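Everything on this sheet refers to the single structure shown next.
Just the heavy atoms: all of them, side chains too, but no hydrogens, waters or symmetry mates, feed the values below. Everything quoted here is computed from the prediction, not taken from an experiment. Numbered from 1 within each chain, the chains take letters A, B, ... in sequence-line order.
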4 protein chains.
Amino acid sequence: MVIDATNTRQRILNAAARLFRERGFHATTTRAISEIVGMLSGSLFHHFKSKEQMLFEVMNDAATQLCVKADAVVAAGGDPRTRLRALIQLQLDCLIGEETRDYYAVLIAEWRELDSAAKPALTALRGHYASIWNTTLEDCARAGLLRSDPQVMQFVLHGSINWASTWFKPGGRLSLEDYAQILEDLMLRSGVGAAD
Amino acid sequence: MVIDATNTRQRILNAAARLFRERGFHATTTRAISEIVGMLSGSLFHHFKSKEQMLFEVMNDAATQLCVKADAVVAAGGDPRTRLRALIQLQLDCLIGEETRDYYAVLIAEWRELDSAAKPALTALRGHYASIWNTTLEDCARAGLLRSDPQVMQFVLHGSINWASTWFKPGGRLSLEDYAQILEDLMLRSGVGAAD
Amino acid sequence: MVIDATNTRQRILNAAARLFRERGFHATTTRAISEIVGMLSGSLFHHFKSKEQMLFEVMNDAATQLCVKADAVVAAGGDPRTRLRALIQLQLDCLIGEETRDYYAVLIAEWRELDSAAKPALTALRGHYASIWNTTLEDCARAGLLRSDPQVMQFVLHGSINWASTWFKPGGRLSLEDYAQILEDLMLRSGVGAAD
Amino acid sequence: MVIDATNTRQRILNAAARLFRERGFHATTTRAISEIVGMLSGSLFHHFKSKEQMLFEVMNDAATQLCVKADAVVAAGGDPRTRLRALIQLQLDCLIGEETRDYYAVLIAEWRELDSAAKPALTALRGHYASIWNTTLEDCARAGLLRSDPQVMQFVLHGSINWASTWFKPGGRLSLEDYAQILEDLMLRSGVGAAD
DNA sequence: TATGAATGAGTGTTCATTCAT
DNA sequence: CATGAATGAACACTCATTCAT
């Protein structure tokens, strides 16, 4: 029924996300995806009209949830420092957390492989997410917290956060919270602002 | 003669590097490479025994030059702050500079696609390069310059630098030197150390 | 269902065997095989993972059936002369008979082209078949029937039989039975042994 | 000069014959031939206009020499038994002898791969050679020596002789002369004829 | 004559996708 | 919905051959 169908769809998407992250979109065959799910390669196409559509849905799920969570951060309504810290933590958690990393890593790494027809929808989500960061960083700047230009700081932060997926080992000496704290300390002046 | 031969090889490698960066290794066909060079697809194999070997040589060239330049920084022998700044600038220049970026971007992005047989050679170069960064950051830490743990700071710096290839526009408001300066300022305490 | 599936596989194998015999393994293209079967070249690989596997299966089928038939000769249990005659007839029939010759000729002619990984399985069958000939010829020798050394006689017989595929014309003056009789007469002394 | 040129030609032909025998015509690449000779693949074509021509010359050399030697047997003029024995020995020697086997094995095994344009010349030599065997075997029959039909006996003999290239080990228990004697004994009645 | 670079046709094989059952 | 068979276009790579130097 609908529930089972949805389930199968989700299992396919999970398998696709995992392989897209591990091997990349082009190096992933539909047969490899179908083997994980336990069906034949052709059967995937009852659920998705193409491999590109699987990619789109993986990225769309990731982007949508990222926006939802970022909206929640905004809705929680703390001071700029608190919100920035929450955004850093949020992006790190999504990217490294075992149940979410496949989707988020694909969102970051496989943008290039998207059909141009599929890009506008995702670009919109991306824009929304970016604007939350922008606002937050500008608020930090206005509060005299930020150690450099907000736009540049966003680049530094995203680079530092996204790169973590290449080196971060869960269960190591450094926790994700430690790393988030370090990034906050690097970006913001101490002794200033409400959360200090 | 020797020059011409080298030239063709080099032109193939340049074309391969460009397409590997623009489209990724798997999405790049040998035909596309050969068309840029102006020969037939099969002719490439007079110069390289496989597409994988082209990838290896692109990455090897990049890694080798990176090491040579990093060695030069060490040989120049400034204080820790000077050396760190030089390393940041060096990696940014390689990654963004129009004549080098194809090679360096591939070195960073396509590691996964390397033949396992080809990895040890590159791992050695990588290790050498990393050790120069390690030493420099530890020297900074010993001089009381560094704002956090050297290892973590290396991750932050590499993330921030490598990510620049996704957003940096040459000729824009922000120069590479500006960005290098910002990164230096973020990582190091001001008012401390010989170069201050 | 099962029958159809088997059918396509079998039709591919028949086509492969025919071309391997007529042109040799290397001179046979997968495209030529697929044209006989009436499908596209790539479709063959739904049934066989490589051209080498087709070769193996052709040879394996031939060797297996040869063993089965030779076992039947042994099981029938006649005197040495009778058994030798049956073995000669058997090998001639397989090699010349219109429905079997493709497989057997390939078994003899294309051994060299087999993957080394595929050889052990076939070597075992070959050994079994050879041991039946050995036993039979040694029994003939012990009965005083054989005109020379058993091992050498086996070489003479196999040479004479296998070479027949180059000159024997079905429907000509000489039947396969005639030829088998001639070979028997040449190898064995007359007027000796139970079957005489 | 001419001598050197001839030399190179001969070295190429020797290499080609060896590889054609060891691997078969199709499995032999011009590059493999050229490597043995110590030149580049393209250079072969200053000496032979095609790979097929190399094959033709290998086979032509073999067939010509075989005829020359068979003619000598005839010219020596012994009785039928002596001549038959000499022909058997001759063909065995050519096929197994270390300095000649490459050429003769190719003559037997690669007939199929010849250009149809090249066949008539070789067919003529083949015919000449066959006619010497025919005459000799018919002489044996007329002398009451032959144990069966001359034509069939020729097939048996050629099969037995040619097959020897698959099993004969020089330096083993059985010499080529032993084997020739066995074949003679099998084909001819003893106690009859001048050489007995 | 030999080289080294290139050609061009062809090779075995892959793979996303379709579709009758 | 899933299967199993097939498609068709593309792919990396091979190889006999050519040719300017």
Side-chain angles (χ1 to χ4, degrees), chain A residues 1 4-5 7-9 12 25-34 37-54, chain B residues 1-2 4-5 7-9 12 25-34 37-54, chain C residues 1-2 4-5 7-9 12 25-34 37-54, chain D residues 1 4-5 8-9 25-34 37-54:
Chain A
M1 334 252 154
D4 283 42
N7 230 346
T8 303
R9 252 184 92 86
I12 293 172
F25 176 72
H26 275 109
T28 299
T29 65
T30 54
R31 177 180 259 180
I33 297 171
S34 70
V37 181
M39 49 173 37
L40 292 182
S41 155
S43 307
L44 298 176
F45 294 85
H46 287 284
H47 302 274
F48 300 92
K49 72 175 223 282
S50 69
K51 193 180 150 192
E52 255 99 10
Q53 203 208 334
M54 296 177 207
Chain B
M1 338 246 148
V2 174
D4 283 43
N7 240 347
T8 302
R9 246 187 96 87
I12 293 172
F25 178 71
H26 275 111
T28 299
T29 67
T30 54
R31 259 179 189 82
I33 297 172
S34 70
V37 182
M39 49 172 39
L40 293 179
S41 151
S43 306
L44 297 176
F45 296 87
H46 191 60
H47 302 275
F48 300 91
K49 73 176 218 286
S50 67
K51 193 180 149 191
E52 252 101 10
Q53 202 207 334
M54 295 178 208
Chain C
M1 336 243 153
V2 175
D4 283 43
N7 240 348
T8 301
R9 244 187 98 88
I12 292 172
F25 177 72
H26 275 111
T28 298
T29 66
T30 53
R31 269 173 186 82
I33 296 171
S34 70
V37 182
M39 49 172 38
L40 293 181
S41 152
S43 306
L44 298 176
F45 295 88
H46 190 60
H47 302 275
F48 300 92
K49 73 176 220 285
S50 68
K51 192 180 150 193
E52 253 102 10
Q53 203 208 333
M54 295 178 208
Chain D
M1 336 234 152
D4 282 43
T8 302
R9 252 186 90 87
F25 177 71
H26 274 110
T28 299
T29 66
T30 54
R31 176 180 259 180
I33 297 171
S34 71
V37 181
M39 50 174 36
L40 292 182
S41 155
S43 306
L44 298 175
F45 294 85
H46 288 284
H47 301 275
F48 299 91
K49 73 174 221 283
S50 69
K51 193 179 151 192
E52 255 99 10
Q53 202 208 335
M54 296 179 208

Any [X] side-chain N or O less than 4.0 Å from OP1/OP2 of [N]:
X     : N      : answer
B/S43 : E/dA5  : no
C/H26 : E/dT11 : no
D/H46 : E/dT1  : no

For C/E52, all residues meeting side-chain hydrogen bond (donor to acceptor under 3.5 Å, both in side chains), sequence neighbours excluded: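 C/E52: no side-chain hydrogen bond (donor to acceptor under 3.5 Å, both in side chains) contacts found.
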
Just the rounded figure in Å: distance from [atom2] of [N] to [atom1] of [X].
X     : N      : atom1 : atom2 : value
B/I33 : F/dA10 : CD1   : P     : 17 Å
D/E52 : F/dC15 : CD    : P     : 15 Å
D/M54 : F/dT17 : CE    : P     : 8 Å
B/R9  : E/dA6  : CZ    : P     : 12 Å
C/Q53 : E/dG12 : CD    : P     : 15 Å
C/R31 : E/dG10 : CZ    : C1'   : 7 Å
C/F45 : E/dA16 : CZ    : C1'   : 17 Å

Classify the nucleic acid contact of [X] as base, sugar-phosphate or nothing, counting any heavy atom under 4.0 Å across all strands shown.
X     : value
C/T30 : base
C/T28 : sugar-phosphate
C/S41 : base

Can you measure from [atom1] ([X]) to [atom2] ([Y]) and round to the nearest 0.5 angstrom?
X     : Y     : atom1 : atom2 : answer
C/R31 : C/S41 : CZ    : OG    : 4.5 Å
D/H46 : D/R9  : NE2   : CZ    : 14.0 Å
B/S34 : B/M39 : OG    : CE    : 8.0 Å
B/L44 : B/M54 : CG    : CE    : 4.5 Å
A/H47 : A/Q53 : NE2   : CD    : 12.0 Å
B/I33 : B/F48 : CD1   : CZ    : 9.5 Å

Pairing stems for DNA chain F [at least three consecutive pairs; Watson-Crick or G-U; under 3.5 angstrom]: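 Stems (3+ consecutive pairs) listed as E:2-21 with F:2-21.
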
Judged by each residue's nearest nucleotide on DNA chain E, which is more toward the 5′ side, B/L44 or D/G42?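 Its nearest nucleotide being more 5', the pick is D/G42.
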
Could you check C/T29 against C/K49 and say which one's nearest nucleotide on DNA chain E is further toward the 5' end?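 Nearest-nucleotide comparison on DNA chain E picks C/T29.
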
Heavy atoms from C-beta onward define the side chain here; which of [options] lies closest to that of [X]?
X     : options                : value
A/L40 : E/dT14, E/dA16, F/dT3  : F/dT3
C/M39 : F/dT7, F/dC11, F/dA2   : F/dT7
A/T8  : E/dT17, F/dA2, E/dC15  : F/dA2
C/K51 : F/dA6, E/dT13, F/dA12  : E/dT13
C/S50 : E/dT13, E/dG10, F/dT17 : E/dT13

Please name the pair of heavy atoms, one in B/H26 and one in A/H26, separated by the smallest distance, quoted to 0.1 Å.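 Nearest pair, atom of B/H26 first, then A/H26: CB-CB, 3.5 Å.
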
